[in-house]
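Input: a single structure, listed below in structure tokens.
Below, chain A is the first sequence line, B the second, and so on; all start at residue 1. Computed over heavy atoms, backbone and side chain alike; hydrogens, waters and symmetry mates excluded. This structure is a prediction, so every number in the text was calculated from the model and none was measured.
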Number of protein chains: 2
Amino acid sequence: MTVRIAVDGMGGDKAPEEIVAGAALAAAEYGCEVVVVGSETQLQPLLAVHPELRFHPASEVIAMEDHPAQAVRQKKDSSINVCARLCANGEAAGWCSAGNSGAILAAALFLQGRVKGVERPVLGSIVPTSAGFVYFLDVGANVDSRPEFLVQQAQMGSVYAERMLGRKRPRVALLSNGEEAYKGNALVREVYPRLEKSELNFVGNVEGKDLLAGKADVVVADGFVGNIAIKMMEATAEFLFRTLREELPRSPLGLLGGLLIRGRVGEIRSRIDWREFGGAPLLGIDGVVVVAHGRSDARAVKNAIRVTKEAVEQDLVGKIKEAVNA
Amino acid sequence: MTVRIAVDGMGGDKAPEEIVAGAALAAAEYGCEVVVVGSETQLQPLLAVHPELRFHPASEVIAMEDHPAQAVRQKKDSSINVCARLCANGEAAGWCSAGNSGAILAAALFLQGRVKGVERPVLGSIVPTSAGFVYFLDVGANVDSRPEFLVQQAQMGSVYAERMLGRKRPRVALLSNGEEAYKGNALVREVYPRLEKSELNFVGNVEGKDLLAGKADVVVADGFVGNIAIKMMEATAEFLFRTLREELPRSPLGLLGGLLIRGRVGEIRSRIDWREFGGAPLLGIDGVVVVAHGRSDARAVKNAIRVTKEAVEQDLVGKIKEAVNA
């Protein structure tokens with residue numbers, strides 16, 4: 001059976017052009033049915049050349065700077081709300097968006113609801129490491145987490161790593177300010193013994209360098225901390241690549257060397273590029289919802305649709321339900 | 001008058017050799033009197049060739065993995081405790097250590113005390129940006145900060161940026177998960193309006209990319225969050241440089257290009273290298289205490305001593321006292 005995926009045609013910095021282009025790539029490559037949701041005037045011209053894509057209208061758009069929960073309540077016919085509704089009604093098996101991530105979460109919560117037993121849905125991200133990659137969560141869904149949120153995150157993240165990354169008995173760690181068990185803030189120190197006692201393969205606290213060395217498969221943090229950590233990684237990588245690009249040409253040898261390595265550096269950048277991973281599902285929602293990066297281009301959108309399809313096929317939601325209620 | 005600085009001869013991964021070497025460089029370059037504190041058996045052979053350096057004995061050593069407060073209470077004759085005591089007694093004008101940073105803080109607190117009116121001393125770090133550098137704090141002194149801690153951090157950080165970095169009316173920002181005023185965890189949302197109402201030049205919330213773009217002179221965070229953020233930056237930079245070093249030689253062009261850019265990349269690395277900044281003072285202690293990186297080599301130790309001397313000469317402690325009690 002063909003999986004039908006809804007895509008928010010209006011979400012992200014490069015909507016709608018790159019969203020439609022990515023949807024077309026995904027439809028061709030993964031053989032899924034893609035429904036592009038959004039403004040008829042803006043989307044129809046783009047979709048005219050893509051008869052393989054479906055269209056579903058939504059008359060409103062939630063902007064990146066809109067207040068998430070307010071926007072979802074007020075703009076009932078926004079592309080984000082419509083995507084969530086299509087899935088709640090069973091008209092699509094999953095959806096993805098590069099739009100306002102807070103609004104995606106709010107719409108998923110209001111219109112699709114939580115998996116029974118889950119306290120708070122959570123948003124993770126794939127982080128490239130020297131040993132492959134690690135699943136890092138929460139990168140922004142819940143600030144001021146309670147200990148039980150983090151315990152469930154660890155359970156859900158472990159299911160994700162098993163089903164979506166193919167890890168057997170995933171190693172779960174807490175992000176902290178030191179490896180020792182006594183390190184951490186009050187939240188981490190409270191969660192540590194609970195994870196130790198759990199059925200999970202808990203390997204203790206990790207710091208940034210351990211995370212990037214791939215010492216765990218799943219790394220858990222509060223959403224405020226996780227959001228800052230992931231943005232710090234992105235910002236540092238961009239800062240360094242930009243500095244190299246600007247500084248190397250200032251000497252003749254550097255200029256020549258820079259030209260010689262350009263292709264290779266491009267490959268390395270692309271290997272550690274979030275665009276390759278496309279996006280990450282919101283875990284704990286009663287449905288498959290994938291949040292893509294706000295700057296997603298066609299390639300990132302294509303990959304986000306792939307992730308959505310895989311999550312549907314792997315029955316990620318069902319497995320999370322089992323794990324949380326075990 | 002010559003400034004006398006005490007240096008923990010036993011602290012850090014490269015003690016005692018690199019500490020003594022750094023002390024000798026600093027004495028020669030900055031014309032200050034340096035007292036190296038620690039084990040007589042280990043230090044005397046190294047100091048024999050440096051008659052310009054002084055020695056002060058300390059029979060115990062606090063290890064990097066020791067529990068900070070316990071170690072400071074139990075190892076009363078540790079090099080860290082002795083340094084703090086020399087300053088408390090007026091036998092040195094300031095001290096620095098590349099040892100256990102928690103123990104440095106604990107010893108400074110127990111033996112030198114806080115500046116009157118300061119709730120919690122705080123540890124900052126210099127972060128290189130595309131526009132110079134920013135002073136980022138707290139990088140680990142206080143986890144689970146209360147709002148008033150962050151307000152005082154902002155005051156103390158502003159004094160630091162003015163006196164030590166020469167900024168006029170330093171721009172102060174809060175590290176958050178978004179720029180909008182409503183973003184943040186409970187702590188950040190509570191501190192935001194207080195900083196808005198303060199005398200400080202508060203410029204709002206910043207994310208990682210803004211921090212590295214130099215959009216503020218002082219960026220304030222809770223110590224758990226700040227510690228994770230700074231370690232994430234360090235880890236990302238190391239990960240990228242290592243990946244380039246390992247990956248470039250795999251193609252002939254990359255190998256050649258890599259050799260050509262080596263010198264230039266070295267310069268760039270050194271410009272963004274924490275070793276150049278040497279260390280950062282604990283702010284809020286009633287005395288000058290500089291925490292150097294645990295991996296400090298001679299160059300980093302030399303720079304840590306320079307920072308210590310400048311903090312003494314700039315009357316950093318007196319200015320903080322004024323700012324906090326204004």
Side-chain angles (χ1 to χ4, degrees), chain A residues 65 67 128-130 140 143-144 175-178 180 182 184-188 207-213 221-225 227-244 246-248 250-251 253-254 256-265 267-268 271-272, chain B residues 65 67 128-130 140 143-144 175-178 180 182 184-188 207-213 221-225 227-244 246-248 250-251 253-254 256-265 267-268 271-272:
Chain A
E65 57 280 9
H67 188 288
T129 72
S130 48
V143 302
D144 300 310
L175 184 66
S176 190
N177 57 342
E180 302 86 345
Y182 68 83
N185 57 7
L187 175 67
V188 165
E207 297 182 53
K209 65 180 187 316
D210 311 311
L211 192 156
L212 291 179
D222 161 67
F224 180 77
V225 174
N227 187 275
I228 282 174
I230 194 113
K231 283 181 180 164
M232 219 41 127
M233 276 189 263
E234 276 186 29
T236 305
E238 286 193 17
F239 173 70
L240 290 179
F241 282 121
R242 197 178 53 241
T243 304
L244 286 176
E246 289 171 2
E247 296 283 322
L248 284 180
R250 292 194 186 161
S251 79
L253 282 185
L256 177 59
L259 289 172
L260 291 176
I261 64 170
R262 189 184 282 172
R264 195 84 194 140
V265 169
E267 281 168 43
I268 296 170
R271 218 185 51 213
I272 61 171
Chain B
E65 58 279 9
H67 189 287
T129 72
S130 48
V143 302
D144 301 310
L175 184 66
S176 189
N177 57 342
E180 301 87 345
Y182 68 83
N185 58 5
L187 175 68
V188 165
E207 296 182 54
K209 65 179 187 318
D210 311 311
L211 191 156
L212 292 178
D222 161 69
F224 180 76
V225 173
N227 187 275
I228 282 174
I230 195 114
K231 284 180 180 165
M232 220 39 126
M233 277 190 262
E234 275 186 30
T236 305
E238 286 192 16
F239 173 69
L240 290 179
F241 281 120
R242 196 178 53 241
T243 305
L244 284 176
E246 288 171 5
E247 295 283 322
L248 283 181
R250 292 194 187 163
S251 80
L253 282 186
L256 178 58
L259 290 172
L260 291 176
I261 65 169
R262 190 184 280 172
R264 194 85 194 137
V265 169
E267 281 169 42
I268 295 169
R271 216 185 53 213
I272 61 170

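A:Glu246 meets the salt bridge (Lys or Arg N to Asp or Glu O under 4.0 Å) test with no other residue; sequence neighbours excluded. Scored by the side chain to side chain contact (heavy atoms under 4.5 Å, CB included) test, A:Asn227 finds A:Lys231, B:Asn177 as partners (sequence neighbours excluded).
Contact count versus chain A (heavy atoms, under 4.5 Å) is highest, among B:Ala221, B:Gly140, B:Ser176, for B:Ser176. Taking chain B as the reference chain and counting heavy-atom pairs below 4.5 Å, the highest number among A:Glu180, A:His67, A:Arg242 is found for A:His67.
A:Phe239 approaches B:Thr129 most closely through the heavy-atom pair CE1-C, 3.6 Å. Between A:Ala235 and B:Gly208, the closest heavy-atom pair is CB-C, 3.6 Å.
With values rounded to the nearest 0.5 angstrom, B:Met232 atom CE is found 10.0 Å from A:Glu207 atom CD.
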- Message: Using the rule given for side-chain contact (heavy atoms from CB on, under 4.5 Å), can you reason through B:Leu244 versus A:Leu244, listing the C-alpha separation, both sets of side-chain angles and the distance that settles it, and then say yes or no?
- Response: CA-CA 11 Å; B:Leu244 284 176; A:Leu244 286 176; 3.8 Å; yes
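Using a 4.5 Å cut-off between heavy atoms, B:Ile228 touches chain A through its side chain atoms alone. Interface residue B:Leu211: only side-chain heavy atoms are found under 4.5 Å from chain A.
Under the 3.5 Å distance criterion, the side-chain polar atoms of A:Asn185 are left unmatched by any main-chain donor or acceptor of B:Phe224.
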